[in-house]
Novice: 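The structure under discussion is supplied below as structure tokens; questions concerning it will follow.
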Amino acid sequence: MEPKKGPATQAEKNRERLKNQRDNQLFGKAQQIDAMTPEDILVELKNKKLPVFGTNKERVERLKKALGIPIQDNGSKGSNSVLNNIEQIQKKREERRRRMEEERINKEERKAENEALGKLVDVDFQKMVDQFKQQVPPQKPHVPSSELKICVCVRKRPIFSKEEKNGEIDALSCSNPVIMIHEPKFKVDGITKYLENHTFQFDNTYGENEDTKTVYESSIRPLCPFILQGGTVTCFAYGQTGSGKTYTMRGLQEMVICDLDKFGRGQLTFHISFYEIYGGRCFDLLNNRAKLTILEDGNGNIQIQGLVEHPVGNKDEVLQLIEYGNSVRTTHATTSNEDSSRSHAICQILLKSGQREFGRLRLVDLAGSERAQDCVSNNRQRRIEGAEINKSLLALKECIRALRGGPGAHVPYRGSKLTLVLRDSFEGGSDEKKVIMITCVCPGHSSSDHTINSLRYADRLKEQVVANQVNQFQPKPEPLKPHQEQQKPQPEPAKPQPSKKNLQPQVQQNLPKKKDEKPEVADKFRKSFRDMEYIQKQEEDKMSLEMLDLHEKVETILEEEEELLETHVHAIKEDAQILTEEGELISMAQGDTDYDIDSYVQRMEILVKHKLTVYQNLYQKVMSFKAHLNEEEEFSNHMTQKLKKKG
Ligand SMILES: Nc1ncnc2c1ncn2[C@@H]1O[C@H](COP(=O)(O)OP(=O)(O)OP(=O)(O)O)[C@@H](O)[C@H]1O
């Protein structure tokens, strides 16, 4: 007999492929029908407007026939076919039981394995995540930042054994330039588990096994020649507390100093300044945390008054200074990271050769992004810090985006203190200024919300904003089984969009109307508020008008607090002066029996009046400040109530 020939032509091959596909589909459908209950068969027949008479087997065959599934005629009739049917059902039941048992044993084994490793993770979710991870596409080479207008990248840090002991699952898959978040979820029944998978793509992504040198090689290093030709490069580390911002920044600081020193062949001096912005105020990290004042002259030039620039010729000294600066940053303990930073730290390096200025490099380690949600905390200090962080991160996003708009684009740098001091990093378009944004993310599944927020933030900085995709990489579908845990895509609920129509009147109402303010203060305040309005409009789906109102209140409080402290110091000095004069007056009155009572009364009247004026002024400032604090408190309570109702 001649061996069976395979398909000869392409057309035959295609026909055979299509036939196989169809057979597979029909086989799948037949399996689904066999697994259906008699009631389901009835419903299905009715749906398809087919007759419902006869036994269940006859109904099944009718349904299959209607769907084009060939009926196997085994020639048996009557009791024989009934026996066959029962046999088939039993086989399927056994098969199902065998599979369930296998799954149970598999689960127990995974659990025991995890326990031995000290991991207390949910094995079902872990299995689902592992399945997805097997389908991650291969990694592509990293793109050097010199080829990009703005380099937007993401770095995933490794999961710590401490986190796994606490039940954390590594829910991030990273394969340059893609990063996926596998978010464990429960269906409404509260039992069935599934994963919601979000896929993002950036210029570069770095996984847990890629070290800081790899990040450096494709981010800052390609821009070193640009700096040496007089360019300005600003590199930001963004992300939630504990995601590795400081870890990444410290590594980059060291590498870039060494490289710039090497490229400059020892001829360059580094002029280092290192300061932080904490709660809307600026402090010099290399000068005993001296408080700095941000000034803007009539031409819009920004100056940080009091900031000390340290000229250093030796790279080791540069690194020592940076290390010192890092160690004195403002930190506060939180549950997730004991050294959680609430400040933005800006390390600025100006390169000079003799008197000739070269480029500038700014390395900015941003405050924990989740702190921006502290706007409704119980603690006022935290709230004000949170509002400041929120405002600065929103303003930063819009200022970076303005770089893409070219030299003439509006840069809303007055929207926050951070963007105000970094104004020079954003103006002139992306050919003149280079920005690298490294978004750091935590791998643990319980951080999924924060991670998604961080990636969405970074996504807005990309050239083309493409909405992240949900469930791009799905495991191969298995036939549906009853009560099986499904990895089902769940569309995100649509967010209500505030209407633009309603925006204007309310914003107008919010415009600051402060009495007795100096004209330049009022002007500064209005300009900054206009930039906040601009940012709010770009961000209207995220930033509510209430948030804008909160930012205005916080701005007022910060400005007034400054003024109040100044007035208080002034009052104490005046008082001391008056006290000295009073002392002199008393000594005169007590020591000289022949003193002039009229002159005493006259001088005393002047002194007391002066004292009253000084303290009256201070009292008014205290009362006004107190009223604004109360207003902020009320507003915060209102926001908290609103959030509670929503949640
Ligand atoms: N890629 C990494 N590889 C190994 N360990 C890392 C990595 N990234 C971060 N870590 C470690 O994770 C911890 C938190 O990192 P880091 O302090 O840099 O976070 P952070 O984002 O700066 O937090 P915060 O905003 O609170 O300052 C540190 O112990 C750090 O050593």
Side-chain angles (χ1 to χ4, degrees), residues 18-108 122-129 131-132 182-197 470-471 474-494:
L18 288 173
K19 183 178 172 301
N20 286 342
Q21 258 179 15
R22 170 136 184 87
D23 285 350
N24 283 341
Q25 278 171 359
L26 290 178
F27 181 68
K29 274 187 200 167
Q31 274 195 324
Q32 279 182 8
I33 293 175
D34 288 336
M36 283 161 85
T37 63
E39 290 77 21
D40 287 344
I41 297 285
L42 260 177
V43 173
E44 201 58 30
L45 284 172
K46 280 182 192 163
N47 284 347
K48 296 205 170 340
K49 303 212 171 14
L50 291 167
V52 293
F53 59 81
T55 63
N56 185 50
K57 183 174 178 265
E58 284 163 346
R59 288 185 193 136
V60 169
E61 285 182 354
R62 192 173 305 128
L63 184 59
K64 283 186 179 174
K65 212 166 158 187
L67 292 171
I69 302 166
I71 313 290
Q72 278 188 353
D73 184 10
N74 53 14
S76 54
K77 292 256 180 272
S79 64
N80 243 358
S81 83
V82 171
L83 278 176
N84 277 343
N85 245 350
I86 293 171
E87 213 173 282
Q88 289 245 326
I89 290 169
Q90 268 176 346
K91 261 191 197 163
K92 270 182 205 147
R93 193 180 299 140
E94 274 162 23
E95 176 62 15
R96 208 166 42 235
R97 280 191 185 145
R98 191 186 56 74
R99 266 209 310 260
M100 280 168 73
E101 183 59 14
E102 252 176 31
E103 258 176 36
R104 195 189 59 77
I105 294 172
N106 197 300
K107 191 172 163 177
E108 289 300 316
D122 182 312
V123 285
D124 299 321
F125 279 134
Q126 188 192 37
K127 188 180 160 199
M128 288 184 207
V129 171
Q131 250 184 305
F132 268 86
H182 316 294
E183 200 183 358
K185 293 229 164 173
F186 285 93
K187 280 192 170 182
V188 273
D189 61 9
I191 308 165
T192 316
K193 298 168 181 173
Y194 70 95
L195 292 182
E196 194 164 280
N197 297 283
V470 181
N471 264 358
Q474 292 198 25
K476 285 176 194 87
E478 285 175 19
L480 219 61
K481 295 167 215 147
H483 308 301
Q484 186 194 11
E485 284 155 352
Q486 292 173 41
Q487 297 157 0
K488 193 183 164 209
Q490 293 277 309
E492 270 191 85

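All residue numbers in this chain count up from 1 along the given sequence. In what follows, every heavy atom counts, from backbone to side chain, and hydrogens, waters and symmetry copies are set aside.
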Novice: Nearest 0.5 angstrom please: Gln31 CD to Leu26 CG, how far?
Specialist: 12.0 Å

Novice: Please check if the number of heavy atoms outside Lys65 that lie under 6.0 Å from its NZ is greater than 12.
Specialist: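 Count not over threshold, so no.
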
Novice: Quick one: do Arg98 and Glu94 make a salt bridge, cutoff under 4.0 Å?
Specialist: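 The answer is no: the pair does not qualify as a salt bridge.
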
Novice: Side chains of Glu101 and Arg104, heavy atoms from C-beta outward: is any pair under 4.5 Å?
Specialist: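 Answer yes - side chains close enough.
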
Novice: Any heavy-atom pair between the side chains of Gln126 and Val129 that's under 4.5 Å?
Specialist: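 Not touching, per the 4.5 Å side-chain cut-off.
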
Novice: With side chains defined as the heavy atoms from C-beta onward, is the minimum distance between Arg99 and Glu103 less than 4.5 Å?
Specialist: no

Novice: Could you give me the CA-CA distance, side-chain angles and deciding distance for Asp34 and Lys64, then say whether salt bridge (Lys or Arg N to Asp or Glu O under 4.0 Å) is met?
Specialist: CA-CA 10 Å; Asp34 288 336; Lys64 283 186 179 174; 3.1 Å; yes

Novice: Compare every heavy atom of Phe53 with every heavy atom of Arg59, then report the nearest pair and how far apart it is.
Specialist: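 Looking at all heavy atoms of both residues, the shortest contact is CG-O, 3.7 Å.
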
Novice: Could you measure the distance from the CG atom of Asn197 to the NZ atom of Lys185? Nearest 0.5 Å is fine.
Specialist: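 Rounded to the nearest 0.5 Å, the CG-NZ separation comes to 11.0 Å.
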
Novice: CD of Glu44 to CG of Leu67: how many Å apart, nearest 0.5 Å?
Specialist: 7.5 Å

Novice: Out of curiosity, Ile69 CD1 to Glu61 CD, how far, rounded to the nearest 0.5 Å?
Specialist: 11.5 Å

Novice: Any idea which heavy atoms bring Ile41 and Met36 closest together, and the distance?
Specialist: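 Between these two residues, the closest heavy atoms are CD1-CB, 3.9 Å.
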
Novice: Mind telling me whether Phe132 and His182 have parallel, tilted or perpendicular rings, with 30° and 60° as the class edges?
Specialist: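 Plane angle between 30° and 60°, so tilted.
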
Novice: If you look at every heavy atom in Leu45 and Pro51, which pair is closest and at what distance?
Specialist: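 In terms of heavy atoms, the two residues are closest at CD1-O, 3.8 Å.
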
Novice: Search all heavy atoms of Tyr194 against all heavy atoms of Met128 and return the closest pair with its distance.
Specialist: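 Reported closest heavy-atom pair: CA-SD, 4.1 Å.
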
Novice: How many angstroms lie between atom CG of Leu63 and atom NZ of Lys29, to the nearest 0.5 angstrom?
Specialist: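 Taking CG in Leu63 and NZ in Lys29, the distance rounds to 10.0 Å.
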
